[in-house]
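No experiment lies behind these values; they were computed from the predicted model shown. FYI, side chains are in, hydrogens and waters are out, and symmetry mates aren't considered; it's all heavy atoms of this structure.
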Amino acid sequence: HHPGTNDKAAMERTIELLRLVGVPFAERRVHQYPHEFSGGMRQRAMIAMAIANDPSILVADEPTTALDVTIQAQIVEVLKTAQRETHAAIVLITHDLGLIAELADRVVVMYAGRVVELGDVFTIFNEPRHPYTVGLLSSLARLDTDQERLMPIPGQPPSLITPPPGCAFHTRCLQSQGRARCRTEVPELRTFGEGGQHRSACHFAESVSFRMHAGLPR
């Protein structure tokens, strides 16, 4: 419909897209109903629909949710293929830090509706400068070091209807330590390092340490 082609050309394009995202026997499966596809195949079909008109931006909102690990890895490869074919930028919205590490170039960390940290993926994972980012990373199991236990983020997320004053994360923050500034003043998104690419919204970002918090050697 969108490119104004005839039915034959549209069917050929559909089969081409299904092949591109790895749907087997595309000529036959193009005539099937969604309930005849597995979860992973439905996800592939949705990606094919998203790239059908050669978009400049793809928004992938939790693209691997409810899929097992093997299928998740396949969907990651499909997204990479889609990006190569369309040259589109991908806006990836996810809680899966492994997926972010695999796909992202730049990362924006949000908490309670606000950006709390942003930077390139290497910097965010290795030198985070916001306590929430540190908490997310510390709650993951690591394979590169001995780890006696995971470090969960304490407390509960705040209500967005009646958010706490000051920094929204201060009630759960191990860095705050009850400081008045955290309780009363909303922190600005400040720049760190050279080039102005790494930014954090923490009053005490200079003293935030991922390795100390996670119990890793300095």
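Note on ring orientation: taking the six-membered ring where Trp is involved, the planes of His130 and Tyr132 are perpendicular (angle over 60°, cut-offs 30° and 60°).
At least one side-chain heavy atom of Ser159 sits under 4.5 Å from a side-chain heavy atom of Ile161. Inter-residue side-chain proximity for Val30 and Leu18 is flagged as met; some heavy-atom pair is nearer than 4.5 Å. A 4.5 Å side-chain heavy-atom check between Met41 and Val23 finds at least one atom pair inside the cut-off. Taking the side chain as every heavy atom from C-beta outward, Ser176 and Phe204 never approach each other to under 4.5 Å.
Open room surrounds CG on Asp7; 12 or fewer heavy atoms of other groups in view lie less than 6.0 Å from it. At most 12 non-hydrogen atoms from other residues, nucleotides or ligands lie less than 6.0 angstrom from CD of Glu188. In the displayed structure, Arg114 atom CZ is contacted under 6.0 Å by at most 12 heavy atoms of other residues, nucleotides or ligands. The environment of His95 atom NE2 is sparse: at most 12 non-hydrogen atoms of other residues, nucleotides or ligands sit within 6.0 angstrom.
Distance check: Leu58 CG to Gln83 CD gives 8.5 Å after rounding to the nearest 0.5 Å.
Partners of Asn6 under the side chain to side chain contact (heavy atoms under 4.5 Å, CB included) rule, at least two apart in sequence or in another chain, are Lys8, Ala9. With sequence neighbours excluded, the residues forming a side chain to side chain contact (heavy atoms under 4.5 Å, CB included) with Thr191 are Arg199, listed by chain and number.
The residue from Arg190, Glu185, Gln175 that alone fulfils the side chain to side chain contact (heavy atoms under 4.5 Å, CB included) condition with His203 is Glu185.
His198 and Glu117 share a donor-acceptor pair across their side chains, judged by distance under 3.5 Å alone.
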Check: residues 71-82 side-chain donor-acceptor pairs under 3.5 Å, at least two apart:
unit_1: Gln72; atom_1: NE2; unit_2: Leu67; atom_2: O; d: 2.8
unit_1: Gln74; atom_1: OE1; unit_2: Arg44; atom_2: NH2; d: 2.9
unit_1: Lys80; atom_1: NZ; unit_2: Glu102; atom_2: OE2; d: 2.6
unit_1: Thr81; atom_1: OG1; unit_2: Glu77; atom_2: O; d: 3.0
unit_1: Thr81; atom_1: OG1; unit_2: Arg84; atom_2: NH2; d: 3.2

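In this structure, Ile90 and Ala60 approach most closely via the heavy-atom pair CG2-CB, 4.4 Å.
Taking the ring centre of Phe25 as origin, the terminal cationic atom of Arg29 falls outside the region bounded by 6.0 Å and 45° from the ring axis.
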